[in-house]
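Note that these values count all heavy atoms, side chains included, but never hydrogens, waters or copies made by symmetry. Just so it is clear: chains get the letters A, B, ... in the order the sequence lines come, proteins before strands, and each one is counted from 1.
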Amino acid sequence: MAYVEVILPLPLKKTFIYSVSEELNPAIKAGVRVLVPFRSRKLTGFVLKIEKEKPKEEFQIKPVLQILDENPILAPNFVDFIFKLSQTSLVAPGELLKAALPPSFWVEEKGGYKLVQKPKKDEIKEKFGQKTEAVEKVLNLWSGKKALSWSYLKKKLDFRGWPSLIQRLEALGWIRKETKIYFKRKRMEVISSAPAQLQLTFFSERNYQPHFDLIEKALEKKEFKYFLLIGSKSRREEFFLSLLKKRAQVSSKILILWPEIASLTCFLERLTNLLGPKRIACLHSDLPLRKRESDWVRIFQDEVDVVVGTRSAVFAPLPRIDLIYIEEEADEAYVHPSPAYDARLAAKLRAQQDKAVVLLASSAPAVSSFFHAKNQGLIIDLGHSPRKLNILVYSGENSKILSPELQGMIEARFLSREPVALLINRRGYASILVCLRCGQIALCPKCRRALTFYARKDKLVCPQCGFKDKRWLRCPECQSQVISPRGYGLEAVEEEINRLWPQARIRSFEAESFRGKKQLATFLKEFRSGQIDIVLGTQFLLSHLDWKKVSLAAVLHPEMMLAQPDFRAGEKVFSLVWRLQEEMEKNRQGEVIIQTACPENYVLQALAKADYLELVSTELRFRRLLNLPPYRSLIRIILTGRSRRELARQARELKKRLDEFQEIEEILGPVFLPTRKGKGEIQIWLKGKKKEEIIHFISLILNKMNLSPFLEIID
DNA sequence: ATGGTGAATCGG
DNA sequence: CGATTCACCATC
């Protein structure tokens, strides 16, 4: 008898041992999927190891029910990677594995019963006699064609001996047990290959050779190394595509991560034009399941050299990796919330294991990335910085949002039918509703944050927890009816523009206002064909709008973003405006304006001078003074649970234990977090130099305390 | 995760 | 006082 160690898609650190029957024995291999009994369920697991000996520990060993793959689906180095990542992210390996593979790979046997044919009353009477009524009632549970699960039946049929009744009904052939069909590896779908365009007409004469040499040297040496690639989006793309073309000739295995799907699709198009579709695969969650599966299989079977995808593509089953490219490395979209892993850290880990080269690419990299790369001499600068921009100083006289100058500029564009875009990073109508008599502010009862007023929905919404309330008609405190909105948002700008230019065709644009992709596509089409004069939006606009058409882009009061309690607010605003400038450069007449009340702010100053290095040096000075990243690592721990009381107890206990570790320099919290739905969340921040050691220590404590919180690492 | 277990809490 | 809810625990 053989035994196998199996990993299951559960939030457990443990693996499980199953026995393999003589019959299945010849087909068992490490890395194949197996169907195993687990308590009352059946789960898909992966075979990690095959053991000849029966384990010494005393527990009942159940048999593998079925082997789902002929050949391994996981390579040993991939499994290593998953376990390493589990160690650094404190997410159970099974959960990571679950996130790593197409969902259809994980099929649980769901015991569902379908009604084959509803028997006539006489038939029932014939078999069941006086029990006819009761049996009929049971059969009536099947109203449609849907299968009813075992647990559903259990809930509904709360009388003794119901399982035997079900069995009898099944034996009579009136109902039938139907289980899901497991995914079987299909042969790859044939992709119609368009002729590859090999000319790169857009390539400039710029000499990138020294940079290529640097990267290629590392590639040839087969050593882990990372570079920070700084340059405008178009230069980076030009650079990377020509690097790709060189590497394609030697079949380098390349993984490309992109922050979001919209721009990924554009890039993929150009990539396909360059290399042809045959050796390229794409992985992201918006793809149809079939495509996801087939591309996964193509990658696994080594039919592909280049994989492009969003954050979850770090799990692409490439047999080996030579180069990983991470586009716009500072983008927050690389953080996967649940399971909580950071695709950038994961990519570095994977690269370390495969001795691959990582290219972190960005227009304006995160300050920490710059710092680390600079210290190690790993910066590749493609040169170029945007044109300078204009800063309009305005602090909102006459309660008008747009300054007279900006109004004039918009007016001029409007008259000549040139589109204008306005960016404002605050949604709703007003950020505060205040009673002018007693000064009372509408606050969220749960998290005590000021409620945002949405005029269109006529509602107050908490920006933090999503709490909704009716708008105030009277002040709840003094009954006054003089209630005034303060701090404008997108809706208020829209209103003002409507008032100023009633005939203008205006569209307002925030991530949540586009439910489906269709609406967004229609909007973009309208915009492209010149049917829109003024676009308003949050930063969501940046990666979606066709900026070539825009003749004036104004960022309204970025100090609102800078005031946010996030030490990275500065670099985020900088990167947003910087990238906007880059986009706008495609249009020679394009102009970028910042309207602000704080022109002296260091971020806006750096932008005014078009000086990224100035931003970095100022920011680094602040970080140094406050001991923030990159000088220290921050670790955020979030505990969740139902009872706040219990949570608080755990958090205090956790803090006490963390206090004992010297490497942890500071502990902030615990504090309760406002949450969307009733569940409590509590947060603790840690600060320290030695990230790895601290995480290791945390994991030991968490094991002891039997907790598995979310972990976020910022460095 | 999830379902079973025994303690803790609820209502007439 | 039984019924119901809930933390706790193991899962091979």
Side-chain angles (χ1 to χ4, degrees), chain A residues 1-21 24-25 28 30 32-68 79 82 86 89-101 103 105-112 148-160 162-163 180 336-341 639-654 677-682 702-710:
Chain A
M1 190 78 118
Y3 299 89
V4 281
E5 185 184 356
V6 172
I7 182 163
L8 296 169
L10 300 171
L12 303 170
K13 281 151 285 171
K14 250 184 164 175
T15 54
F16 294 85
I17 307 291
Y18 288 88
S19 63
V20 186
S21 67
L24 292 177
N25 206 358
I28 201 83
V32 297
R33 289 176 305 156
V34 284
L35 188 72
V36 293
F38 188 75
R39 282 278 185 106
S40 55
R41 301 183 278 168
K42 288 172 188 170
L43 294 178
T44 308
F46 270 93
V47 176
L48 291 178
K49 249 197 275 170
I50 301 174
E51 320 231 18
K52 295 266 148 58
E53 300 293 310
K54 192 175 177 181
K56 286 173 236 91
E57 296 90 338
E58 279 303 310
F59 46 67
Q60 190 206 335
I61 297 176
K62 292 184 182 173
V64 169
L65 298 172
Q66 204 176 331
I67 297 172
L68 300 172
V79 175
I82 292 288
S86 166
S89 63
L90 306 193
V91 177
E95 270 187 299
L96 290 174
L97 212 45
K98 187 165 187 184
L101 301 170
F105 281 41
W106 302 96
V107 203
E108 294 177 34
E109 193 214 44
K110 296 257 164 65
L148 302 182
S149 70
W150 189 256
S151 52
Y152 177 84
L153 291 172
K154 189 177 169 184
K155 221 184 282 169
K156 288 280 170 180
L157 306 173
D158 199 16
F159 55 84
R160 75 221 129 58
W162 68 269
K180 275 207 176 181
H336 192 113
S338 173
Y341 64 86
L639 295 163
T640 34
R642 275 137 264 103
S643 124
R644 305 189 108 211
R645 191 171 237 277
E646 183 55 23
L647 260 179
R649 215 210 78 238
Q650 285 172 348
R652 281 201 311 271
E653 170 75 15
L654 179 60
K677 284 206 179 99
K679 283 187 180 174
E681 274 187 359
I682 212 164
L702 292 176
N703 276 348
K704 268 188 224 153
M705 290 182 65
N706 202 15
L707 294 173
S708 44
F710 286 110

Does A:V4 reach the side chain of A:V64, with side-chain heavy atoms less than 4.5 Å apart?
yes
Could you give me the CA-CA distance, side-chain angles and deciding distance for A:T15 and A:E5, then say whether side chain to side chain donor-acceptor pair (under 3.5 Å) is met?
CA-CA 6 Å; A:T15 54; A:E5 185 184 356; 2.7 Å; yes
Over 60° means perpendicular and under 30° means parallel, so tell me whether A:W106 and A:F46 are parallel, tilted or perpendicular.
perpendicular
Flag side-chain contact, heavy atom, 4.5 Å: A:Y3 against A:V20:
no
Atom NZ of A:K42 to atom C1' of C:dT11: distance rounded to whole Å?
16 Å
Short of 4.0 Å, heavy atom to strand atom, which residues of residues 48-63 of chain A count as contacting DNA chain B?
none
Separation of A:M705 atom CE from C:dA7 atom P, in whole Å?
16 Å
Just how far, in rounded Å, is P of C:dC12 from CE of A:M1?
15 Å
Any pair with a residue in residues 50-61 of chain A that passes salt bridge (charged side-chain N to carboxylate O under 4.0 Å, His left out), sequence neighbours left out, goes on the list, sorted by first then second residue, please.
none
How many whole angstroms separate atom CH2 of A:W106 from atom P of B:dA1?
15 Å
A:L43 CG to B:dA1 P: how many Å, rounded?
13 Å
Report the distance from atom CG of A:L707 to atom P of C:dC9, rounded to the nearest whole Å.
13 Å
Nearest-angstrom distance from the residue atom CG of A:L35 to P of C:dC12:
14 Å
Search all heavy atoms of A:P37 against all heavy atoms of A:P63 and return the closest pair with its distance.
CD-O, 3.2 Å
Which ones in residues 6-16 of chain A lie close to DNA chain C, meaning a heavy atom under 4.0 Å from one of its atoms?
A:L12, A:K14, A:F16
A:Q650: which residues meet the side chain to side chain contact (heavy atoms under 4.5 Å, CB included) condition with it, sequence neighbours left out?
A:E646, A:L647, A:L707
Mind checking what makes ring-ring contact (aromatic ring centres under 6.0 Å, His included) contact with A:Y18, not counting sequence neighbours?
none
Provide, to the nearest angstrom, the distance between the CG atom belonging to A:N706 and the C1' atom belonging to B:dA1.
14 Å
Which part of the nucleic acid, if any, lies within reach of A:F38 when heavy atoms closer than 4.0 Å are counted: base, sugar-phosphate only, or nothing?
base
Tell me, please, which residues at least two apart from A:K13 pass side-chain hydrogen bond (donor to acceptor under 3.5 Å, both in side chains).
A:N703
